[in-house]
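Report on the following structure.
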Amino acid sequence: QPEAQPSFLDRLLAAYPLVLAYVLLLILYAWQASNHSTPWLFTDELEWAGLSRGVAHHGVPQLRLHDMSFSSLYEYLIAPAWWLGATGRAYAAAKYINAAVMTATIFPAYALARLFVPRLAAIACGVAAAAIPALVYSGMLIPEPLAYFWSALALWLLARALLARSRSAAVLAAAALLVAPAVRSELVVLAIAAVIAVVLMAATSSAGRQLSCDWSWRERVG
């Protein structure tokens, strides 16, 4: 007898603890952001506010009405906030977008952990990833909130691709890794991590161990 597929209700109940944790943490970070009505990292936040406002009103990043080169997808993420018009409301909306995106790290972090540990442990990993002190960045107009979420997403897709070894999983992982530097330039390190992961997977596979079993210690060090 084939195993019965879980129903929509089963899936909903299974996702409930993670969704509840997301909502509670999001409320906390949104409240935290609302209690700081002015920028913290003043020059950085003014720069990203200006760039994203240019995207919102002119379709391209701008500072003082001068077109600027592309810096990050982050300026496009928060651009819709400036359609609200008033600076105070727009600034608050941009921080709420930050909070929603950065807190959403709970989902790819859970999915990554679920590849290796039981469900309850994976939920704990997801919640921990969204509860670290660095989530205070969600109250600032800087790229870190998007970069944190994208890093977790890319790492999950990479791990899934290495384990599943399917074409679709590999394409999704490659796409996430290619987009990562456009989120924040330092995330190019994810591509380096992917290369190292592929090499290690190949070296520790049965074919890799069979190839290296007769190597001398000098060859292994090499």
Side-chain angles (χ1 to χ4, degrees), residues 3-36 40 73-74 77 95-140 142-166 168-170 172-177 179-180 183-184 186-201 204-205:
E3 293 185 4
Q5 294 296 319
S7 65
F8 174 76
L9 180 59
D10 293 333
R11 295 178 184 274
L12 187 63
L13 291 175
Y16 174 77
L18 206 63
V19 173
L20 178 61
Y22 171 77
V23 171
L24 293 177
L25 287 170
L26 178 57
I27 292 172
L28 171 63
Y29 298 135
W31 170 80
Q32 186 180 55
S34 69
N35 278 272
H36 296 275
W40 289 15
L73 290 174
Y74 177 70
L77 174 70
K95 292 190 293 182
Y96 295 148
I97 293 173
N98 275 1
V101 171
M102 197 170 189
T103 310
T105 303
I106 192 172
F107 299 113
Y110 163 80
L112 175 61
R114 192 67 183 90
L115 296 174
F116 307 101
V117 299
R119 178 172 171 271
L120 290 179
I123 290 176
C125 290
V127 172
I132 63 172
L135 264 290
V136 72
Y137 287 150
S138 63
M140 308 177 196
I142 50 179
E144 275 76 2
L146 178 59
Y148 185 59
F149 167 78
W150 199 266
S151 297
L153 178 66
L155 290 173
W156 166 55
L157 291 174
L158 172 61
R160 191 182 67 157
L162 290 174
L163 294 174
R165 300 184 184 181
S166 69
S168 59
L172 288 174
L177 293 171
V179 171
V183 174
R184 188 168 176 81
E186 290 85 349
L187 294 189
V188 69
V189 72
L190 291 175
I192 300 173
V195 172
I196 294 173
V198 170
V199 170
L200 289 176
M201 283 286 290
T204 57
S205 66

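All values reported here derive from a predicted model rather than from experimental measurement. In what follows, residues are counted from 1 in the order of the sequence shown.
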For residues 143-156, which side-chain N or O atoms pair as donor and acceptor with protein atoms under 3.5 Å away, sequence neighbours left out?
unit_1, atom_1, unit_2, atom_2, d
Glu144, OE2, Arg184, NH2, 3.3
Tyr148, OH, Ala129, O, 2.6
Trp150, NE1, Ala176, O, 3.0
Ser151, OG, Ala147, O, 2.8

### Query
Partners of Val136 by side chain to side chain contact (heavy atoms under 4.5 Å, CB included), sequence neighbours excluded?
Gln32, Trp40
### Message
How close do Gly139 and Ala33 get, counting heavy atoms only, and between which atoms?
### Response
CA-CB, 4.1 Å
### Query
Can you check side-chain contact (heavy atoms from CB on, under 4.5 Å) on Leu158 and Leu190, steps first, answer last?
CA-CA 9 Å; Leu158 172 61; Leu190 291 175; over 6 Å; no
### Within residues 96-105 or reaching into it, pairs that qualify as side chain to side chain donor-acceptor pair (under 3.5 Å) - sequence neighbours excluded
Tyr74-Asn98
### Task
Identify the heavy atoms of Ala159 and Leu115 that sit nearest to each other, and give their distance.
CB-CD1, 3.7 Å
### Message
Can you tell me how far apart CG (Leu135) and CG (Leu28) are? Round to the nearest 0.5 Å.
### Response
9.0 Å
## Note on the structure
d(Ile106 CD1, Leu18 CG) to nearest 0.5 Å is 4.5 Å
### Summary
Closest non-hydrogen contact found for Met201 with Leu162 is CE-O, 3.5 Å
### Message
For Ala100 versus Tyr22, what's the shortest heavy-atom pair and its separation?
### Response
O-OH, 3.0 Å
### Query
If you round to the nearest 0.5 Å, how far is CZ of Phe107 from CG of Leu112?
15.0 Å
## Note on the structure
Those residues at least two apart in sequence (or on a different chain) that pass side chain to side chain contact (heavy atoms under 4.5 Å, CB included) with Ala121 are Val117, Pro118
#### Entry: Minimum heavy-atom distance Leu157-Leu172, with the two atoms named
CD1-O, 3.8 Å
#### Entry: Listed partners of Arg114 passing salt bridge (charged side-chain N to carboxylate O under 4.0 Å, His left out), at least two apart
none
## Note on the structure
Residues at least two apart in sequence or cross-chain that pass ring-ring contact (aromatic ring centres under 6.0 Å, His included) with Tyr137, listed by chain then number, are none
### Task
Could you grab the distance from atom CG of Leu20 to atom CG of Leu24, nearest 0.5 Å is fine?
4.5 Å
